[in-house]
Asker: 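This is the structure I have questions about; it appears just below.
Values below: all heavy atoms of this structure, side chains included; hydrogens, waters and symmetry mates excluded. Naming convention: chains lettered A, B, ... in sequence-line order (proteins, then strands); numbering from 1 in each chain. Quick caveat: nothing in here was measured; it's all calculated off a predicted structure.
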There are 2 protein chains.
Amino acid sequence: MANIKDIAELAQVSIATVSRALSTPGAVRPPTLQKIEAAIAQLNYRPNMLAVGLRRRRSDNVIVAVPSIFNPFTSAFVQGIENVAREAGIRVLLGITDSDQALLDSYVGMIASKQADGMILLDKILPTAVLQTPPENPAPPIVLACEYPPGLSLPRVRIDNVEAAAMLVNHLVRQGHTRIAVITGPIDQNMSRDRLSGFLLGLKRAGLASDKAPIVHGDFTLQSGYDAVRQLLAAKAGFTGLCCANDEMALGAMAALREAGIAIPDGVSVVGFDNLRFGAFASPPLTTMEVPTVETGEAAMRLMLDMLRDPLDANREIILPYRLVVRQSSGPAPTAVKPGKAKKPRGQTS
Amino acid sequence: MANIKDIAELAQVSIATVSRALSTPGAVRPPTLQKIEAAIAQLNYRPNMLAVGLRRRRSDNVIVAVPSIFNPFTSAFVQGIENVAREAGIRVLLGITDSDQALLDSYVGMIASKQADGMILLDKILPTAVLQTPPENPAPPIVLACEYPPGLSLPRVRIDNVEAAAMLVNHLVRQGHTRIAVITGPIDQNMSRDRLSGFLLGLKRAGLASDKAPIVHGDFTLQSGYDAVRQLLAAKAGFTGLCCANDEMALGAMAALREAGIAIPDGVSVVGFDNLRFGAFASPPLTTMEVPTVETGEAAMRLMLDMLRDPLDANREIILPYRLVVRQSSGPAPTAVKPGKAKKPRGQTS
DNA sequence: TTGTAGGCGTTATCAA
DNA sequence: TTGATAACGCCTACAA
């Protein structure tokens with residue numbers, strides 16, 4: 001593979017000039033530039049970015065640490081990051097952590113070993129390096145997109161999960177629902193806790209006893225939504241509204257309700273969170289809270305670019321908007337509160 | 001940030017010894033090793049992988065090029081790649097191409113610029129560098145996981161989409177279906193074409209006129225499945241079985257059927273492809289063809305490791321198994337074809 | 001077993 | 001505007 005020296009020889013100039021032609025073409029006389037460009041084309045030369053990075057002391061890589069990629073939210077988030085990374089000439093390294101501390105720390109280590117310039121973190125756990133906060137050396141460039149402990153002052157991007165969740169409850173309350181059950185996400189996640197707080201806040205605001213609301217803990221999977229409803233029904237929790245901490249669980253929950261012969265929304269109104277595309281085509285289409293997934297990734301990457309540019313300045317927080325999407329899975333509360341049976345899920349109008 | 005020289009000074013040895021301690025600890029006397037390790041710990045030293053790569057002439061990065069990450073199949077595929085990459089000490093770079101030739105070529109360029117050692121490609125397009133096949137310099141290390149033009153001899157991993165699709169048709173045929181419609185994926189993709197061929201092959205094997213089967217082209221999205229069914233119904237294509245080239249379209253198709261008041265499977269049996277997890281919780285649960293998504297990624301990465309180890313040897317093809325998953329969206333063909341409202345079992349499109 | 005020294009391919013600092 | 005040349009941090013013959 002040709003290197004800068006080969007180009008210099010072929011073009012009859014010094015390697016310094018070739019380097020300049022590459023980085024500051026304006027500083028090279030046009031005829032010289034042309035010779036160099038010809039040589040580059042002829043030898044099909046590509047600068048060795050390892051060497052460039054070694055000299056420039058940066059890699060132009062940003063590592064994105066996510067707990068799992070089996071997740072539409074993650075996909076969208078990564079897509080957003082890619083969008084702005086690409087036009088900034090930054091490569092995105094994907095690190096899957098399984099929420100394993102050692103694994104996450106090893107990815108953070110890639111910053112120290114110059115394989116990446118910074119990290120965007122979408123995980124419930126935090127790197128040891130950040131938690132310990134060694135006072136002398138500054139924390140590595142990290143942007144948070146999920147966990148946000150109060151003590152730390154890292155740049156972060158998020159939505160107001162609390163208010164968004166409260167708005168979902170409010171939507172049900174305004175339809176006359178008073179018995180509202182909740183399926184939470186994994187409660188070791190900050191986001192899940194926030195959404196739960198929001199659901200409870202919504203109940204409280206409506207004057208409903210939030211401490212008596214039936215609450216089941218799920219883990220964001222379809223199966224856990226399904227199981228949660230079975231559990232609620234077995235406990236005879238008599239509810240007409242069901243708030244799920246994400247759409248995937250809501251879809252699982254709807255499957256369980258159908259199986260139990262409970263009509264949606266005539267028997268139970270179901271609302272989800274995230275506006276997954278599958279929700280729109282469910283039976284019936286799912287009412288949900290739309291959160292800006294791609295935009296979250298874009299904002300996170302912009303924050304990272306800021307931070308890389310000026311590590312001190314970028315201590316910011318970005319809060320993105322949310323939006324209620326009403327579809328047919330939610331409707332007026334039945335007058336008599338009893339999960340009736342044998343009604344086939346019917347109808348939808350796009 | 002500390003470098004190897006700092007360690008050498010602190011440990012009172014030469015940098016060569018430190019380097020050895022890192023790469024071949026056995027070649028260093030234990031007491032010396034201890035001093036070095038102590039120094040490394042004290043200075044919190046991490047080797048600069050850019051410099052290591054420059055010397056060793058490799059990056060230990062593999063780039064994975066995918067058209068989009070908004071796709072459960074892609075997610076699983078990448079997960080599989082990560083699985084085996086991690087234990088091989090290889091980092092995975094994710095490149096999203098949007099199926100854009102220039103973008104893909106720019107990712108391939110990362111191999112020439114030493115940012116990555118090879119590429120795993122899950123896309124319908126191929127790099128210019130591969131297509132042109134410059135006779136002198138060998139093609140860059142690329143593993144194919146989707147497109148597989150006969151002319152090329154790159155390592156590849158895939159499933160037998162043709163036979164798998166035929167098996168789906170056979171499943172319907174054995175239930176007595178004779179009027180079977182097909183929704184294809186984007187036909188510019190090899191995989192879509194294969195699945196279509198397989199559907200047609202299945203019809204032919206059953207003695208059904210495959211050239212008269214109603215066929216609508218979709219693009220693998222929920223919406224396109226929905227639209228396709230509307231189109232079929234509008235054309236009065238009178239079918240009792242519906243083969244979709246992926247689950248996502250099948251779910252969209254089911255939504256459209258429900259909307260039209262057609263029962264599933266009593267009016268129309270629907271089968272999909274991929275065994276998406278959402279299919280199991282659909283209404284009714286979707287019959288589908290399970291393909292080994294994670295395993296495909298794992299196999300692709302193993303092929304890549306082989307290729308990196310010995311570029312000449314690794315000209316192989318791996319074909320992975322598939323499995324029919326029967327759920328409630330498919331059932332016996334109705335004896336009299338009159339699903340719900342407003343539909344006659346006559347006429348056809350193609 | 002350890003040390004010396006010459007690259008790996010670039011960039012950047014000086015002079016010229 | 002161009003050219004020498006010294007880093008960047010590490011690895012690896014080759015010597016000792």
Asker: Give me the one residue out of Thr293(A), Val291(A), Val157(A) that meets side chain to side chain contact (heavy atoms under 4.5 Å, CB included) with Leu320(A).
Answerer: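 Filter result, single survivor: Val157(A).
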
Asker: Check whether any side-chain N or O of Ser192(B) sits under 3.5 Å from a backbone N or O of Pro186(B) as a donor-acceptor pair, and report yes or no.
Answerer: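 It does hold such a pair.
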
Asker: Strictly under 4.0 angstrom, non-hydrogen atoms only: write out the protein contact profile of nucleotides 8-16 of chain C, one letter per nucleotide from the 5' end, B, S or -.
Answerer: BBBBB----

Asker: Name the one of Val13(B), Val18(B), Ile15(B) that satisfies side chain to side chain contact (heavy atoms under 4.5 Å, CB included) with Ile7(B)?
Answerer: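 Filter result, single survivor: Val18(B).
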
Asker: Is there a donor-acceptor contact under 3.5 Å linking the side chains of Ser99(A) and Asp123(A)?
Answerer: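 Side-chain D/A pair, Ser99(A) to Asp123(A): present.
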
Asker: Could you tell me whether the phosphate oxygens of dT2(C), OP1 or OP2, come under 4.0 Å of any side-chain nitrogen or oxygen in Thr17(B)?
Answerer: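 No, no such contact exists.
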
Asker: Is there a donor-acceptor pair closer than 3.5 Å between any side-chain N or O of Ser23(B) and the backbone N or O of Ser19(B)?
Answerer: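 Yes, Ser23(B) side chain to Ser19(B) backbone: donor-acceptor pair under 3.5 Å.
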
Asker: Tell me which residues in residues 105-117 of chain B put a heavy atom below 4.0 Å from DNA chain D, sorted by number, or none.
Answerer: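 Under 4.0 Å from DNA chain D: no residue of residues 105-117 of chain B.
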
Asker: With a 4.0 Å heavy-atom cut-off, tell me which residues in residues 29-43 of chain B come close to DNA chain D, sorted by residue number.
Answerer: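 Output list: empty, so none.
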
Asker: Without hydrogens or angle criteria, can the side chains of Thr17(B) and Ser14(B) be said to hold a donor-acceptor pair below 3.5 Å?
Answerer: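 On atom types as modelled, these side chains qualify, holding a pair under 3.5 Å.
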
Asker: Using salt bridge (Lys or Arg N to Asp or Glu O under 4.0 Å) as the criterion, list what pairs up with Arg193(B), not counting sequence neighbours.
Answerer: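 Glu147(B).
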
Asker: Looking at Thr74(A) and Phe70(A), would you say the former's side chain and the latter's main chain have a donor-acceptor pair under 3.5 Å?
Answerer: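 Such a contact is absent between Thr74(A) side chain and Phe70(A) backbone.
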
Asker: Could I get the full list of side-chain hydrogen bond (donor to acceptor under 3.5 Å, both in side chains) partners for Asp194(A), not counting sequence neighbours?
Answerer: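 If we apply the side-chain hydrogen bond (donor to acceptor under 3.5 Å, both in side chains) test to Asp194(A), skipping adjacent residues, the hits are Tyr148(A).
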
Asker: Using side chain to side chain contact (heavy atoms under 4.5 Å, CB included) as the criterion, list what pairs up with Arg55(A), not counting sequence neighbours.
Answerer: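 None.
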
